[in-house]
Amino acid sequence: MLDIPRAAAPLFGIIGRGVQLLVNSEDGDGLRVWVAKRSMAKRGFPGMWDATVGGALGTGEGVLDGLVREAGEEARFGEKLVRERARACGTVCYVYVTDERSGGETGLVCPEVQFVYDLCAGEEMVPVSGDGEVEEFVLVDMGELRERLERGEFRPASACVMIDFMVRHGVLTAENEDDYEEITQRLHRFIDLAI
């Protein structure tokens, strides 16, 4: 089994694999989701916004095990909570090209698969930065989320996952988005490379 750093995967035509957790709540104010601001000390995409929890899967690591690890490290969520309440929502498969924000070689074509989970929680469940990779967590409504996405404030992986969340929850539809069909197709590409 070959084990290489995630940043080197595109150089070998390897699909990056990650896991993302979106902690959300819905009440009289509507649907909201916790987003994480990346630390300015991060090599890649410093200061940009992310899903509540997310990260790369280690070589040979199971998807749920990776989710539990990342949730504990980044948001101090306990293993029992994540294993019992996180709901698998499928995958998002996309391709992006690195730029100056990615913190490395620019112009690399990066195919990725993100395994997506939702965790519905009340306001009492507040993520707390555990490993210093997150500067802050903010609970945003769908209007603010869409504005941040339109301004390009999310790193590519998380932007795709957030848009998928909005599609799955009926916030982004063919009735309110002219490019709906293209958007949904780009979130679920067939990537013909080895994983």
Side-chain angles (χ1 to χ4, degrees), residues 9-10 13 15-38 42 44-56 63 67 86-121 127 134 136-193 195:
I15 298 172
R17 296 173 66 241
V19 63
Q20 304 271 335
L21 174 68
L22 299 169
V23 176
N24 61 85
S25 65
E26 189 163 12
D27 55 24
D29 295 326
L31 183 61
R32 297 182 292 170
V33 65
W34 285 99
V35 295
K37 186 171 186 181
R38 294 169 68 83
K42 292 283 288 179
F45 306 102
M48 296 191 79
W49 291 93
D50 263 335
T52 316
V53 168
V63 176
L67 180 68
R87 183 176 58 85
C89 299
T91 61
V92 173
C93 305
Y94 57 92
V95 176
Y96 75 97
V97 178
T98 59
D99 60 20
E100 65 282 345
R101 300 170 304 163
S102 34
E105 184 74 28
T106 60
L108 291 178
V109 176
C110 297
E112 291 196 353
V113 174
Q114 297 291 327
F115 293 85
V116 181
Y117 287 79
D118 282 357
L119 197 159
C120 188
V134 175
E136 67 176 315
F137 289 98
V138 177
L139 186 61
V140 298
D141 63 30
M142 294 300 100
E144 183 176 351
L145 178 60
R146 188 168 185 156
E147 289 172 9
R148 289 175 187 262
L149 285 164
E150 289 172 351
R151 289 192 301 260
E153 295 179 7
F154 282 85
R155 73 180 180 106
S158 296
C160 291
V161 169
M162 289 297 180
I163 293 167
D164 179 68
F165 176 84
M166 294 172 78
V167 169
R168 288 187 291 105
H169 289 272
V171 175
L172 189 65
T173 67
E175 290 72 34
N176 65 20
E177 173 54 59
D178 292 338
D179 297 319
Y180 180 81
E181 185 176 351
E182 182 179 356
I183 289 169
T184 56
Q185 288 174 356
R186 288 184 178 213
L187 292 175
H188 302 284
R189 292 184 181 262
F190 173 71
I191 304 173
D192 194 15
L193 295 170
I195 290 186

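- Judged purely by atom type and a 3.5 angstrom limit, Ser158 uses its side chain to pair as donor or acceptor with the backbone of Ala51.
- For the pair Arg17 and Phe115, the minimum side-chain heavy-atom distance is below 4.5 Å.
- Taking NZ of Lys37 as the reference point, atom CD of Glu136 lies at 6.0 Å (rounded to 0.5 Å).
- Proximity of Val35 to Met162: side-chain heavy atoms (C-beta onward) are separated by under 4.5 Å at one or more points.
- In the displayed structure, Arg146 atom CZ is contacted under 6.0 Å by more than 12 heavy atoms of other residues, nucleotides or ligands.
- With a 4.5 Å cut-off on side-chain heavy atoms, Tyr94 and Arg186 do not count as touching.
- In this structure, Asp50 contributes its side chain and Arg155 its backbone to no donor-acceptor pair below 3.5 Å.
- Within the model, atoms CG of Asp164 and CD1 of Ile183 stand 11.5 Å from one another, a figure rounded to the nearest 0.5 Å.
- Annotation for Val113 and Cys93: closest pair CG2-SG, 3.8 Å, computed over non-hydrogen atoms.
- Of all heavy-atom pairs spanning Ala121 and Ser25, the tightest one is O-CB, 2.8 Å.
- Remark: Asn176 CG is packed, more than 12 non-hydrogen atoms of other residues, nucleotides or ligands lying under 6.0 Å away.
- Summarising the geometry, atom OH belonging to Tyr117 is positioned 12.0 Å from atom CD belonging to Gln20; distances are rounded to the nearest 0.5 Å.
- With hydrogens and angles ignored, the 3.5 Å screen pairs a side-chain donor or acceptor of Thr98 with a backbone N or O of Glu105.
- You'll find the side chain of Pro127 stays beyond 4.5 Å of the side chain of Val53, heavy atoms only.
- The two residues Val92 and Cys160 come nearest to each other via the heavy atoms CG1-CB, 3.8 Å.
- Using modelled atom types, one finds a donor on one side chain and an acceptor on the other under 3.5 Å when comparing Asp118 with His169.
- Across all non-hydrogen atoms, the minimal contact from Gln114 to Ala157 is NE2-CB, 3.9 Å.
- Cys89 has its side chain out of reach of Phe165: every pair of non-hydrogen atoms, C-beta onward, lies at least 4.5 Å apart.
- Residues Ile191 and Glu112 have side chains not in contact (no heavy-atom distance under 4.5 Å, counting atoms from C-beta outward).
- Remark: Glu150 CD is packed, more than 12 non-hydrogen atoms of other residues, nucleotides or ligands lying under 6.0 Å away.
- The shortest distance between side-chain heavy atoms of Leu172 and Met142 does not fall below 4.5 Å.
- Residue Val33 comes nearest to Leu145 through the heavy atom pair CG1-CD2, 4.0 Å, listed as atom of the first residue, atom of the second, then distance.
- Using a 4.5 Å cut-off on side-chain heavy atoms (C-beta onward), Leu149 and Trp49 make no contact.
- Ring pair Trp34/Phe137 is perpendicular by interplanar angle, where above 60° counts as perpendicular and below 30° as parallel.
- The minimum heavy-atom distance linking Gly44 with Arg38 is given by the pair O-NH2, 2.7 Å.
- In summary, of the residues considered (Val171, Thr173, Leu31), a side chain to side chain contact (heavy atoms under 4.5 Å, CB included) with Met166 occurs for Val171 alone.
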